[in-house]
2 protein chains.
Amino acid sequence: MTAHDPAHRVRKRGRPTASERVERRAQILEAALPIFLEHGYGNVTFDQLATAARVTKRTIYSYFDDKAGVFTAMVRSLATTVSSDAPDQDTLESLCTRIVYRLNSADLIGLHRLVIAESTRFPELAQTLHDNGDARHIARLADHIRAEFGQVAVPRAQPLFTLLLGEEHRKRLLGLLPPVSLAEAEDHARRALALLGLQSSKTTVPTQAE
Amino acid sequence: MTAHDPAHRVRKRGRPTASERVERRAQILEAALPIFLEHGYGNVTFDQLATAARVTKRTIYSYFDDKAGVFTAMVRSLATTVSSDAPDQDTLESLCTRIVYRLNSADLIGLHRLVIAESTRFPELAQTLHDNGDARHIARLADHIRAEFGQVAVPRAQPLFTLLLGEEHRKRLLGLLPPVSLAEAEDHARRALALLGLQSSKTTVPTQAE
DNA sequence: TATGAATGACACTAACAAGTATCATTATAT
DNA sequence: ATATAATGATACTTGTTAGTGTCATTCATA
């Protein structure tokens with residue numbers, strides 16, 4: 001009833017203003033994300049998307065062809081932002097920590113789960129996610145490794161990435177572990193580096209225990 | 001298969017014999033597997049399951065409650081056979097090769113994909129798959145590592161398992177790589193062991209080059 | 001100011017799928 | 001033997017959902 005409460009406001013009818021029109025598409029995708037993450041692509045109905053976005057089905061159809069169109073647009077917009085955060089002045093260890101933390105967040109675990117689930121129907125989304133995710137992460141790891149340890153150590157970039165994800169990431173894909181904490185991510189990154197002999201010279205060598 | 005080829009024989013009507021009754025349930029699950037693997041749980045209809053199993057919907061309902069019942073029974077029966085092959089007399093390297101080969105087979109990739117996709121709706125299946133899959137594999141790797149390298153090396157069992165899967169397994173979950181060949185599996189296993197310093201004393205140390 | 005475009009609200013259609021009913025048929029069980 | 005249970009074939013009912021139609025409303029644009 002509180003007509004000014006943005007959470008309960010009933011969207012007014014009629015043609016939107018220019019700014020509203022610009023934002024509408026992004027709002028729809030933003031609203032679709034948690035719906036798809038929670039229920040999975042196949043179980044989401046168009047009405048759910050419309051309700052979540054606080055628009056009608058007709059409006060969504062004016063922006064996208066169908067449910068597949070909303071889904072692919074959402075995944076693409078998310079996938080291309082995965083690698084956008086590029087504070088290039090960090091160390092190998094801090095880069096590893098950020099990768100562990102980011103890839104084990106609830107959103108990215110859910111996105112990965114969605115794309116795996118629909119990789120048969122949307123193979124191009126799988127390719128997009130990998131190109132913008134894993135491939136860029138590995139390339140960036142390789143750059144840092146080359147800078148700190150020389151060209152000879154570069155082949156360890158991909159195994160390092162694999163270890164950064166580790167069994168924990170597999171468990172999270174299966175819903176068997178909660179999202180990682182920052183402290184856990186740091187610890188995990190250090191141990192992965194140690195396993196491959198990639199400890200930074202300036203950093204204390206962490207004990208392998210626990 | 002054998003005399004009564006299920007692909008060409010028209011199943012007779014009426015109450016099945018005792019042996020038919022025993023086999024019917026397994027046949028339904030066997031027929032359901034490729035259907036679920038190809039289309040994903042949410043997109044499979046009961047009629048598809050019935051057609052694939054060469055029975056009617058009524059019959060399936062006499063064995064299972066609903067589609068979820070067929071799915072969970074199928075996944076459970078498959079998951080419990082994942083770790084059944086136990087030629088305990090092999091080396092660490094041959095064990096690793098078998099793990100790489102098996103977990104990258106089309107069937108297990110598809111099963112894993114299915115369970116990941118439905119982990120929200122069927123969390124107990126995710127737990128079952130992990131308990132009967134990853135957990136047992138890691139335990140067996142730990143046994144071999146302890147026998148060959150002593151207790152101190154046992155903590156490397158889980159990282160080893162992670163490296164055995166590697167980026168390739170992630171790509172296969174996304175449908176970006178075909179199933180692994182036996183030769184590739186061997187090569188991959190050797191390189192993973194070398195990265196963690198777990199080369200067997202009797203084996204030639206493989207070069208790190210790709 | 002007048003016309004048209006985009007929207008919300010709501011109803012509608014068509015297709016599809018889950019689950020049930022019926023009947024003839026074949027085997028089991030008593 | 002006779003009744004009963006399970007099945008195949010087929011049609012049916014019921015619920016859900018994608019997609020469309022209609023109309024009033026609000027704003028853009030000329």
Trainee: What integer distance in Å separates A/Asp65:CG from D/dT20:P?
Mentor: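 About 10 Å, once rounded to whole Å.
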Trainee: I need the residues from residues 25-39 of chain A with at least one non-hydrogen atom less than 4.0 Å from DNA chain D; give them sorted by number, or say none.
Mentor: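 By residue number: none to list.
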Trainee: Do A/Arg190 and A/Glu186 sit within salt-bridge range, that is, some charged N less than 4.0 Å from a carboxylate O?
Mentor: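 Answer for the salt bridge query: yes.
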Trainee: Measure CD1/B/Ile60 against P/D/dA9 and give the value in whole Å, please.
Mentor: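 That distance rounds to 13 Å.
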Trainee: Can a donor-acceptor pair be found, under 3.5 Å and without considering hydrogens, that links the side chain of A/His188 to the backbone of A/Leu164?
Mentor: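 Yes, A/His188 side chain to A/Leu164 backbone: donor-acceptor pair under 3.5 Å.
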Trainee: Would one find a side-chain N or O of B/Arg21 under 4.0 angstrom from OP1 or OP2 of D/dT7?
Mentor: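 Answer is yes, contact under 4.0 Å.
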Trainee: Is the shortest side-chain N to carboxylate O distance from B/Asp143 to B/Arg146 below 4.0 Å?
Mentor: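 Salt bridge present between B/Asp143 and B/Arg146.
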Trainee: For the pair B/Lys67 (side chain) and B/Val44 (backbone), establish whether a donor and an acceptor sit closer than 3.5 Å, ignoring hydrogens and angles.
Mentor: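 Yes.
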Trainee: Keeping the roles fixed (side chain from B/Thr162, backbone from B/Gln158), state whether a donor-acceptor pair exists under 3.5 Å.
Mentor: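 Indeed, once roles are kept as given, a pair shorter than 3.5 Å links the two residues.
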Trainee: How close or far is atom C1' of D/dT17 from atom CG of A/Asp66, stated in whole angstroms?
Mentor: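 So the CG-C1' distance, A/Asp66 to D/dT17, works out to 14 Å.
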Trainee: So, taking the atom named CD in B/Glu124 and the one named OG1 in B/Thr72, what distance separates them when rounded to the nearest 0.5 Å?
Mentor: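 These two atoms lie 7.0 Å from each other.
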Trainee: Relative to the 5' end of DNA chain C, which residue comes earlier, B/Asp47 or A/Ser62, by the nucleotide with the nearest heavy atom?
Mentor: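 Closer to the 5' end of DNA chain C: A/Ser62.
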Trainee: Whole angstroms only, please: what is the CG-P distance between A/Leu49 and D/dG19?
Mentor: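 A/Leu49 atom CG is separated from D/dG19 atom P by 11 Å.
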Trainee: Quick check on ring-ring contact (aromatic ring centres under 6.0 Å, His included): which of B/Phe46, B/Phe64, B/Tyr41 does B/Phe71 satisfy it with?
Mentor: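 The single option meeting the ring-ring contact (aromatic ring centres under 6.0 Å, His included) with B/Phe71 is B/Tyr41.
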Trainee: Can you check whether A/Tyr63 has a side-chain N or O nearer than 4.0 Å to OP1 or OP2 of C/dT7?
Mentor: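 For C/dT7, OP1 or OP2 has a side-chain N or O of A/Tyr63 closer than 4.0 Å.
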Trainee: I want to verify a distance call: between D/dT7, C/dT7, C/dA18, whose nearest atom is closest to the B/Tyr61 side chain?
Mentor: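 The listed nucleotide nearest to B/Tyr61's side chain is C/dA18.
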Trainee: Calculate the interatomic distance between B/Arg24 atom CZ and C/dT26 atom P; express it in whole Å.
Mentor: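 Computing the B/Arg24:CZ to C/dT26:P distance gives 14 Å.
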Trainee: When you measure from the side chain of A/Asp134 to the backbone N and O of A/His130, does any donor-acceptor pair fall under 3.5 Å?
Mentor: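 Not at all, since once roles are kept as given, no pair shorter than 3.5 Å links the two residues.
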Trainee: Check the distance between C/dA18's C1' and B/Phe71's CZ and give it to me in whole angstrom.
Mentor: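 Whole-Å distance recorded here is 18 Å.
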Trainee: Under 3.5 Å between N/O atoms: give me all the protein pairs with nucleotides 28-30 of chain C, atom names plus distance.
Mentor:
{"from": "C/dT28", "atom 1": "OP1", "to": "B/Ala18", "atom 2": "N", "distance (Å)": "3.3"}

Trainee: Would A/Lys171 and A/Glu168 pass as an ion pair if we require N to O under 4.0 Å?
Mentor: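 A salt bridge is absent here (no side-chain N lies under 4.0 Å from a carboxylate O).
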Trainee: How many whole angstroms separate atom CZ of B/Arg54 from atom P of D/dT7?
Mentor: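 Spelled out: CZ on B/Arg54 to P on D/dT7 is 16 Å.
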Trainee: Taking the six-membered ring of B/Tyr63, is NZ or CZ of B/Arg21 closer than 6.0 Å to its centre and within 45° of its axis?
Mentor: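 Yes, B/Arg21 sits over the ring of B/Tyr63.
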Trainee: Under 3.5 Å, side chain of B/Arg113 to main-chain N/O of B/Arg172, donor-acceptor pair present?
Mentor: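 Confirmed, B/Arg113 side chain pairs with B/Arg172 backbone.
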Trainee: Whole Å only: how far is the CD atom of A/Glu23 from the P atom of C/dA6?
Mentor: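 Checked: the CD to P distance equals 17 Å.
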Trainee: Reading nucleotides 10-16 of chain C from the 5' end, what letters show protein touch, with B for base, S for backbone sugar-phosphate only, - for no heavy atom under 4.0 Å?
Mentor: -------
Trainee: For A/Leu33, run the side-chain contact (heavy atoms from CB on, under 4.5 Å) check against A/Asp107, A/Leu114, A/Val75 and tell me which one passes.
Mentor: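 Looking at A/Asp107, A/Leu114, A/Val75, the match for A/Leu33 under the side-chain contact (heavy atoms from CB on, under 4.5 Å) is A/Asp107.
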